Chemist: 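There's a structure below that I have some questions on.
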Amino acid sequence: MASPELERLLEVQELDTALDQLRHRRATLPAREQLGAVESQLAELATTLSTVQQQRDDVARRQSDFEAELQASEARVLEIEGRMYGGTVSASKDLQAMAAEVESLKRRRSTLEDHILETMDEREPIDDEVQRLEEAQVTATGEAEDLRAVITEAEAEIGAEEAKELDARAALVADVPAGLLEQYERIRSRNGGIGAARLVGTSCGGCHLSLPAVEVDRLKRAKADEVVLCDQCGRILVR
């Protein structure tokens, strides 16, 4: 029969296992994985949206340049025609030159109007794509906010359970000798969170391997307060 200190150590182990399970639950919440996927989607949307917005801005700049040139051409035509028909110019040669310039400006105006229509046609699907991406961003952002709320609620629930387990552990370790507890912590850190286990029949409850009959006999004859280790996994064995 094991000493009360060793029995207490097993209870500490049970609580530590429960705490590890709670931490694992916190780290592997389904909503956390879902949030990661949504955040990746948001990052991709932001990159794509930036590219498409740049395309839209380039087309808008070209359209604006064409419109500015068209406006300047129309103003120039009005200016020249005003001089031609205002009686301030009478020389035939000057009038012919002015008429030729007006004709050239009108041809350019027609070309500019075509370019403006082309850029408007080019911009329409880009504007649609920007709108689609922005709407997708809004949707994904809402999903991310909902998932963060789910995670916060779950973490609060897990945190409350964890606090109870930690309080219970603090009460137990007060009855475990410091040296034994320190040895347990060292073993536990290198054995997947299990530092102490019950000897069940001829098997170690930590590694679940059968011990040689001679070793089992030795363990059973050991003093109740003697700290013995599994010769298979090195964990503290409580008989």
Side-chain angles (χ1 to χ4, degrees), residues 22-160 162:
L22 287 171
R23 294 180 188 113
H24 179 73
R25 270 179 57 195
R26 179 187 287 111
T28 59
L29 287 170
R32 198 183 302 283
E33 182 178 354
Q34 294 167 9
L35 177 60
V38 173
E39 288 177 335
S40 294
Q41 180 189 2
L42 279 167
E44 291 175 6
L45 283 169
T47 300
T48 304
L49 180 58
S50 177
T51 300
V52 177
Q53 285 174 330
Q54 183 62 53
Q55 293 172 352
R56 180 193 62 186
D57 293 344
D58 290 343
V59 175
R61 262 192 302 273
R62 283 193 284 120
Q63 181 180 337
S64 180
D65 290 344
F66 290 142
E67 288 172 343
E69 186 180 351
L70 176 61
Q71 186 177 6
S73 297
E74 290 175 337
R76 178 61 177 164
V77 168
L78 289 174
E79 177 191 347
I80 295 172
E81 289 182 337
R83 291 170 58 198
M84 287 174 63
Y85 305 121
T88 58
V89 179
S90 57
S92 176
K93 183 179 179 181
D94 290 341
L95 289 171
Q96 288 177 355
M98 294 169 73
E101 184 178 355
V102 167
E103 185 62 29
S104 175
L105 287 167
K106 288 182 176 180
R107 286 197 300 270
R108 179 57 181 164
R109 181 175 63 187
S110 178
T111 301
L112 289 169
E113 288 172 344
D114 289 342
H115 287 333
I116 291 169
L117 289 174
E118 288 169 1
T119 54
M120 290 173 67
D121 288 341
E122 184 180 352
R123 182 172 169 175
E124 185 176 353
I126 298 176
D127 285 339
D128 289 343
E129 180 65 2
V130 167
Q131 183 178 352
R132 185 192 70 79
L133 290 168
E134 288 176 341
E135 289 173 352
Q137 269 190 330
V138 170
T139 299
T141 298
E143 291 175 2
E145 290 174 354
D146 290 343
L147 288 167
R148 289 190 188 99
V150 170
I151 291 170
T152 298
E153 183 178 351
E155 286 183 333
E157 180 183 332
I158 292 170
E162 189 176 29

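Along the sequence shown, the residues carry numbers beginning at 1. All values derive from a computational prediction rather than experimental measurement. Only this structure's heavy atoms are used, side chains among them; waters, hydrogens and symmetry mates stay out.
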Chemist: Indicate whether any N or O donor in one side chain lies under 3.5 Å from an N or O acceptor in the other, for Gln71 and Glu67.
Modeler: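 Their side chains do not contain a donor-acceptor pair, so the 3.5 Å distance test is not met.
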
Chemist: Less than 3.5 Å apart, which donor and acceptor atoms pair up between the side chains of residues 37-46 and the rest of the protein, not counting sequence neighbours?
Modeler:
from, atom 1, to, atom 2, distance (Å)
Glu39, OE2, Arg148, NH2, 3.2
Ser40, OG, Gly36, O, 3.0

Chemist: Look at Glu135 together with Arg132 and state whether they make a salt bridge at an N to O cut-off of under 4.0 Å.
Modeler: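 Between Arg132 and Glu135 there is no salt bridge, as every charged N stays at least 4.0 Å from the carboxylate O atoms.
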
Chemist: In Å and rounded to the nearest 0.5 Å, what is the CG to CZ distance from Leu147 to Arg32?
Modeler: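 It is 11.0 Å, given to the nearest 0.5 Å.
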
Chemist: Could you tell me whether the side chain of Val150 reaches within less than 4.5 Å of the side chain of Leu35, counting heavy atoms only?
Modeler: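 Not in contact.
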
Chemist: Near Arg61 CZ, under 6.0 Å, is it more than 12 heavy atoms from other residues, nucleotides or ligands?
Modeler: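 Result for CZ/Arg61: enclosed.
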
Chemist: Does Glu153, at its CD atom, have more than 12 non-hydrogen atoms belonging to other residues, nucleotides or ligands within less than 6.0 Å?
Modeler: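 Not buried by this count: 12 neighbours or fewer within 6.0 Å.
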
Chemist: Within this structure, what is the CG-CD distance for the pair Leu117 and Gln63, rounded to the nearest 0.5 Å?
Modeler: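 One gets 9.0 Å once the value is rounded to the nearest 0.5 Å.
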
Chemist: Could you check whether any side-chain heavy atom of Glu134 comes within less than 4.5 Å of a side-chain heavy atom of Gln53, counting everything from C-beta outward?
Modeler: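 Side chain of Glu134 against side chain of Gln53, heavy atoms only: contact under 4.5 Å found.
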
Chemist: Let's go through Asp58 and Gln54 carefully: what are the C-alpha distance in whole Å and the side-chain angles of both, what is the deciding distance for side-chain hydrogen bond (donor to acceptor under 3.5 Å, both in side chains) to 0.1 Å, and is it a yes or a no?
Modeler: CA-CA 6 Å; Asp58 290 343; Gln54 183 62 53; 3.0 Å; yes

Chemist: Are side-chain heavy atoms of Ile158 and Arg23 found at a separation under 4.5 Å?
Modeler: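 No. Closest side-chain heavy atoms not under 4.5 Å.
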
Chemist: Give a yes or no on whether a salt bridge exists between Glu129 and Arg56, defined as a side-chain N under 4.0 angstrom from a carboxylate O.
Modeler: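 No, no charged N to carboxylate O under 4.0 Å.
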
Chemist: Should the heavy atoms of other residues, nucleotides or ligands under 6.0 Å from CD of Glu33 be counted, would the total exceed 12?
Modeler: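 12 or below, so no.
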
Chemist: Are any of the side-chain nitrogens in Arg25 or Glu155 under 4.0 Å away from the carboxylate oxygens of its partner?
Modeler: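 Result for this pair is no, no salt bridge flagged.
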
Chemist: Any non-hydrogen side-chain atom of Gln55 less than 4.5 Å from a side-chain atom of Arg123?
Modeler: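 Not touching, per the 4.5 Å side-chain cut-off.
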
Chemist: Please list all pairs passing the ring-ring contact (aromatic ring centres under 6.0 Å, His included) test where one or both residues lie in residues 23-72, with sequence neighbours left out.
Modeler: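 Passing the test, one end in residues 23-72: Phe66-His115.
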
